[in-house]
Amino acid sequence: MKLILLGAPGAGKGTVAKILTAIDGSVQISTGDILRGAVQAGTELGKEAKSYMNRGDLVPDSLIMGIMEKRLQEDDCKKGFLLDGFPRTILQAEELKVLLAKLDITLDMAVNIDVPRDVILDRLCTRRTCENSKCQAIYNVKSNPPKQEGICDKCGSAAIQREDETEEAILHRLQTYNDKTAPLIGFYEKEGLVKTVSGTSSDIVVLELKEALGF
Ligand code: AP5
Ligand code: MG
């Protein structure tokens with residue numbers, strides 16, 4: 001499958017992507033995970049991205065497009081991909097359109113995961129993420145806690161709150177989403193690609209997508 005996952009911070013893009021990869025071997029490509037990995041590794045990209053991310057601002061489009069142009073041409077994308085957190089601005093969406101045409105790739109769908117704001121705020125305050133950049137498993141102290149508090153079930157690293165999970169940064173990320181990313185729903189509606197699903201249950205999101213995609 002070749003999907004774009006749209007949705008506010010905390011809508012469950014990462015959670016749903018991780019379930020979908022198991023269906024047909026499509027890869028999850030999360031620009032947030034890539035950037036957090038770069039911050040942890042202390043690369044030039046990480047140094048440049050860190051302050052934008054911690055404030056809850058978007059990283060400049062040019063940095064993201066450079067990453068994605070390379071990533072989409074890697075071999076593991078041939079089976080399909082789930083774009084989690086990309087594109088995030090109209091400019092990124094326009095440039096992705098040109099890139100996909102150049103690579104002769106057709107998208108199946110842009111999935112809009114819709115979750116009420118109060119649920120989102122609660123989820124983001126209670127999320128825990130594995131700090132190992134190669135793992136980045138997602139937990140929630142209420143709905144999906146790790147077996148041992150604070151420890152990732154998968155790799156044994158610490159499961160922590162992300163640096164952009166302060167109240168100030170969360171509110172700023174939600175505002176940034178409304179201003180810059182929500183307009184992509186209209187962009188992909190014009191392309192005839194949008195499917196809106198209610199994201200209060202990830203299992204139902206996955207069922208609806210499997211049905212729509214014929215799995
Ligand atoms: P990114 O990492 O993409 O963060 P985000 O979009 O803010 O989204 P989140 O990862 O917070 O939420 P999610 O939808 O993945 O939800 P999750 O599955 O974890 O980006 C971070 C930053 O990087 C940006 O602010 C920006 O600076 C930069 N960046 C990234 N991409 C960029 C781009 N393209 N351009 C420019 N800058 C970019 O779920 C949330 C919680 O809810 C978890 O605890 C989970 O367990 C729980 N949960 C999920 N589903 C359910 C459910 N059904 N029931 C109960 N709990 C649930
Ligand atoms: Mg995520």
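Atoms within a ligand are numbered from 1 in the order they appear, just like the ligands themselves.
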**Student:** Using side chain to side chain contact (heavy atoms under 4.5 Å, CB included) as the criterion, list what pairs up with N178, not counting sequence neighbours.
**Tutor:** none
**Student:** Using the side-chain hydrogen bond (donor to acceptor under 3.5 Å, both in side chains) rule, collect all pairs that involve residues 1-17, keeping only residues at least two apart or in two chains.
**Tutor:** none
**Student:** Mind checking the CZ-CG spacing from F215 to D24? Nearest 0.5 Å is all I need.
**Tutor:** 4.0 Å
**Student:** Is the closest side-chain heavy-atom distance between R36 and D33 below 4.5 Å?
**Tutor:** yes
**Student:** How about D203 and S201: does a side-chain donor come under 3.5 Å of a side-chain acceptor?
**Tutor:** no
**Student:** At less than 4.0 angstrom from any atom of ligand 1, which residues have a non-hydrogen atom? List them by chain and residue number.
**Tutor:** A8, P9, G10, A11, G12, K13, G14, T15, T31, G32, L35, R36, M53, D57, L58, V59, I64, G85, F86, R88, Q92, R123, L124, R127, I138, Y139, N140, S143, R162, D164, R173, G199, T200, S201, S202
**Student:** For K210, what residues pass the side-chain hydrogen bond (donor to acceptor under 3.5 Å, both in side chains) criterion, not counting sequence neighbours?
**Tutor:** none
